[in-house]
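Here's the structure we're looking at; comments come further down.
Lettering follows sequence order; numbering is per chain, from 1.
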There are 2 protein chains.
Amino acid sequence: MAKIKAVKNGTKKDVITQKGAALFRKKGFAATSMRELADNIGVEASSLYNHIGSKSEILQNICFKVANDFNMHLNDVEKKQESAIFRLEDLIRFHIHMMLDTYDEVYVANHEWRQLEEPYLSNFLNQRKTYESRLIEIVNQGIMNGEFKKIHPHVAVLIILSAVRSLEFWQRHKKNINTTDLVNDMVTHLLNGLTK
Amino acid sequence: MAKIKAVKNGTKKDVITQKGAALFRKKGFAATSMRELADNIGVEASSLYNHIGSKSEILQNICFKVANDFNMHLNDVEKKQESAIFRLEDLIRFHIHMMLDTYDEVYVANHEWRQLEEPYLSNFLNQRKTYESRLIEIVNQGIMNGEFKKIHPHVAVLIILSAVRSLEFWQRHKKNINTTDLVNDMVTHLLNGLTK
DNA sequence: CCTACCGATCGGTAGG
DNA sequence: CCTACCGATCGGTAGG
């Protein structure tokens with residue numbers, strides 16, 4: 001039974017979304033054709049439309065799934081009411097975890113959101129802006145507490161978010177350093193430059 | 001005379017490259033049509049081909065121009081034989097400067113290189129890998145010197161390169177913080193987390 | 001899920 | 001630099 005659960009990838013729609021994410025990451029959304037995606041799955045292009053409404057819809061599914069995962073986790077972190085440094089480390093570790101475990105989806109959400117159509121584009125950007133503001137608020141609290149250096153919280157958040165995105169390049173180096181070392185080194189670099 | 005120099009943007013080919021960079025950044029390479037680019041310049045699509053050989057060639061010009069600028073500057077920095085921390089700060093400031101001054105081109109080189117065709121794709125990736133290795137060597141020297149903490153130099157370089165890329169999101173915040181503050185805060189965050 | 005097909009748009013060329 | 005046009009490919013639909 002465990003085997004069946006491990007093998008199945010959910011509905012056909014889920015398969016299309018996953019294969020779509022893998023192709024969109026490798027070639028970009030606009031440069032990937034529905035025929036290519038269909039080939040990759042093993043059906044004709046027209047058959048895809050029994051499970052999804054349009055090519056755009058695949059991109060929407062990917063982007064909003066990723067946004068939702070990050071928002072949900074941030075909700076949890078905010079509820080904890082721990083120190084700012086604890087919450088920030090939790091968030092950094094979650095970002096790294098998401099990047100390593102759902103690489104294609106996160107990559108596509110980071111790079112191809114520009115190809116979303118309205119109103120999805122505006123909605124996505126709003127969500128991202130809100131997420132960023134909530135991170136800034138956490139850093140701000142840490143500055144008030146005296147946990148962090150007095151730098152612009154905006155700049156600190158930009159650096160942290162970008163640093164975790166650097167794992168996009170990680171595939172090449174996977175062999176040389178193990179994940180635990182990587183996460184610890186990253187947290188050290190990012191936080192010890194921020195904590196007093 | 002100064003006015004003429006300020007107005008002219010070089011050859012028509014340069015205009016095409018610049019307008020191309022602006023459009024490729026906003027919409028992506030694959031999602032930008034030659035008719036759109038031509039409209040933007042104020043000619044018919046077919047007229048573009050008097051100045052450039054193909055759509056791909058525009059992307060090549062952008063990516064290799066950017067790669068060259070970074071390589072040339074790194075050559076200068078390596079010649080200086082200063083402390084590792086001095087050279088690293090110089091490099092960080094140069095990256096920030098490039099990002100702020102030639103935003104479209106750097107953005108496109110960072111995001112759309114995937115759309116390059118062979119042999120340009122391989123060549124570009126090789127250049128990037130070499131550039132990264134040279135930065136790692138600088139950090140490594142700093143660790144040997146005792147200037148830097150003992151973290152994986154690879155991880156440090158990934159964080160630094162990603163952090164300077166975060167300026168891609170900077171446009172939105174330009175009004176709130178001035179550039180000098182930004183650069184200083186960024187250098188502080190990145191280096192004080194790295195220096196003993 | 002497939003065959004057959006649509007109108008639109010693409011990058012690019014010929015010829016002046 | 002433009003008009004006129006090309007073959008190829010695109011996302012998507014009809015109908016079974």
Side-chain angles (χ1 to χ4, degrees), chain A residues 7-64 108 111-121, chain B residues 7-64 108 111-121:
Chain A
V7 167
K8 86 167 179 72
N9 283 315
T11 66
K12 204 86 189 202
K13 183 172 175 177
D14 292 334
V15 174
I16 295 172
T17 307
Q18 280 171 32
K19 290 276 186 187
L23 281 172
F24 296 166
R25 173 183 68 75
K26 280 177 212 146
K27 311 196 50 181
F29 173 77
T32 303
S33 72
M34 293 300 274
R35 282 158 178 83
E36 216 172 344
L37 175 55
D39 266 6
N40 224 271
I41 294 175
V43 295
E44 292 299 319
S46 59
S47 301
L48 297 174
Y49 291 91
N50 293 311
H51 304 99
I52 49 120
S54 67
K55 186 187 181 189
S56 296
E57 198 186 290
I58 303 175
L59 183 61
Q60 290 156 24
N61 289 337
I62 295 167
C63 291
F64 285 85
V108 169
H111 285 83
E112 300 294 329
W113 56 265
R114 228 171 308 268
Q115 309 298 333
L116 288 169
E117 294 162 2
E118 294 293 357
Y120 301 100
L121 177 59
Chain B
V7 167
K8 86 167 177 75
N9 284 314
T11 66
K12 203 88 189 201
K13 183 172 176 176
D14 292 335
V15 174
I16 294 172
T17 307
Q18 281 172 31
K19 290 276 187 187
L23 281 172
F24 295 167
R25 174 182 69 74
K26 281 178 211 146
K27 310 196 52 181
F29 174 77
T32 302
S33 72
M34 293 300 274
R35 282 155 176 84
E36 216 172 344
L37 174 56
D39 266 6
N40 222 272
I41 293 173
V43 295
E44 291 301 317
S46 59
S47 301
L48 297 174
Y49 292 90
N50 292 311
H51 304 98
I52 50 122
S54 66
K55 186 187 180 188
S56 295
E57 197 186 291
I58 303 174
L59 184 61
Q60 290 156 24
N61 289 338
I62 295 167
C63 291
F64 286 85
V108 168
H111 286 82
E112 301 293 330
W113 55 266
R114 228 171 308 269
Q115 310 299 331
L116 288 169
E117 294 160 3
E118 294 293 357
Y120 303 100
L121 178 58

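- Partners of A:K13 by side-chain hydrogen bond (donor to acceptor under 3.5 Å, both in side chains), not counting sequence neighbours: none found.
- Between A:E57 atom CD and D:dG11 atom P the separation is 15 Å, expressed in whole Å.
- By the side-chain hydrogen bond (donor to acceptor under 3.5 Å, both in side chains) test, A:S56 pairs with A:E117, sequence neighbours left out.
- Scored by the side-chain contact (heavy atoms from CB on, under 4.5 Å) test, B:T32 finds B:L23, B:F24, B:K27, B:E36 as partners (sequence neighbours excluded).
- In this view, B:I16 and B:L37, B:I41, B:L48, B:H51, B:I52, B:I58 satisfy the side-chain contact (heavy atoms from CB on, under 4.5 Å) rule, not counting sequence neighbours.
- With sequence neighbours excluded, no residue forms a side-chain hydrogen bond (donor to acceptor under 3.5 Å, both in side chains) with A:R35.
- A heavy-atom distance below 4.0 Å to DNA chain C is reached by these residues of residues 40-55 of chain B, ordered by number: B:S46, B:Y49, B:S54, B:K55.
- For A:L37 and D:dG12, the CG to P distance is 12 Å, given to the nearest whole Å.
- Taking each heavy atom of B:F29 and B:K55 in turn, the nearest pair found is O-NZ, 3.0 Å.
- Taking atom CD on B:E117 and atom P on C:dG11, their separation rounds to 12 Å, with Å as the unit.
- Scored by the side-chain hydrogen bond (donor to acceptor under 3.5 Å, both in side chains) test, B:K26 finds no partners at all (sequence neighbours excluded).
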Given Watson-Crick or G-U pairs with both distances under 3.5 Å, what dot-bracket string fits DNA chain D, with | for other-strand pairs and [ ] for crossing? ||||||||||||||||
